[in-house]
Amino acid sequence: MVELHRESLDQLETFQRRVVKDPHVQQCYYVTGEADFVLICITPDMKAFEALTHRLFFENSNVRKFHTSVVMKRAKVGLSIPIWP
């Protein structure tokens, strides 16, 4: 979850373009609430994850704060949307 300092349209688009280009970012959601963006990222190990946080968050002066969670186990994965009658 990523919170930005400035939320002007150009700042939001700049951040979004940056994360969309990164091959470790699988999904990017612009959201309401406590954070501005939720990212789903994948790295081969913690060293690569640390490099990702430096590249996308620490080196970006518009990132106010971010919170990470590391997946320990996948209990269920799916992106299908059920269609109800």
Side-chain angles (χ1 to χ4, degrees):
M1 298 181 74
V2 182
E3 184 180 332
L4 302 179
H5 281 292
R6 295 171 300 284
E7 298 178 46
S8 65
L9 187 56
D10 63 320
Q11 292 289 341
L12 294 170
E13 290 175 355
T14 297
F15 179 80
Q16 185 173 303
R17 276 194 306 274
R18 185 177 204 172
V19 298
V20 166
K21 286 191 320 188
D22 195 292
H24 292 101
V25 177
Q26 287 191 329
Q27 299 172 47
C28 173
Y29 300 95
Y30 176 49
V31 298
T32 63
E34 293 182 31
D36 297 307
F37 288 92
V38 173
L39 306 179
I40 306 297
C41 305
I42 188 165
T43 60
D45 53 38
M46 290 307 291
K47 184 175 181 178
F49 180 71
E50 182 179 13
L52 174 76
T53 63
H54 283 257
R55 186 170 60 251
L56 294 182
F57 310 136
F58 289 116
E59 295 173 7
N60 186 337
S61 62
N62 196 32
V63 172
R64 181 173 184 206
K65 62 183 172 180
F66 65 96
H67 300 276
T68 63
S69 297
V70 176
V71 174
M72 305 284 285
K73 173 183 167 186
R74 291 187 299 171
K76 181 177 181 178
V77 178
L79 295 174
S80 63
I81 299 173
I83 307 218
W84 292 289

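None of these values were measured; they are calculated from a predicted model.
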Side chains of residues 67-85: which donor-acceptor pairs under 3.5 Å do they make with residues two or more places apart or in other chains?
none

Who are the side-chain hydrogen bond (donor to acceptor under 3.5 Å, both in side chains) partners of E3, not counting sequence neighbours? R64
Got a sec, which residues hit side-chain hydrogen bond (donor to acceptor under 3.5 Å, both in side chains) with D10, two or more places apart in sequence or on another chain? S8
Separation between [atom1] of [X] and [atom2] of [Y], rounded to the nearest 0.5 Å:
X   : Y   : atom1 : atom2 : result
D36 : L4  : CG    : CG    : 4.5 Å
N60 : R55 : CG    : CZ    : 12.5 Å
M46 : T53 : CE    : OG1   : 8.5 Å

Closest non-hydrogen atom pair between [X] and [Y], with its separation:
X   : Y   : value
Q26 : I42 : NE2-CG2, 3.6 Å
S61 : H5  : O-CD2, 3.3 Å
Q11 : R6  : CB-O, 3.6 Å

Please check if the distance between the ring centroids of F58 and F66 is under 6.0 Å. yes
Can you tell if the side chain of [X] reaches within under 4.5 Å of the side chain of [Y], non-hydrogen atoms only?
X   : Y   : value
T14 : R17 : yes
Y30 : L12 : yes
L56 : V25 : yes

Given D22, I40, V19, the one that forms side chain to side chain contact (heavy atoms under 4.5 Å, CB included) with C28: V19
Hey, any chance F49 and V2 share a hydrophobic cluster, counting ILVMFWY side chains that come within less than 4.5 Å of each other, even indirectly? yes
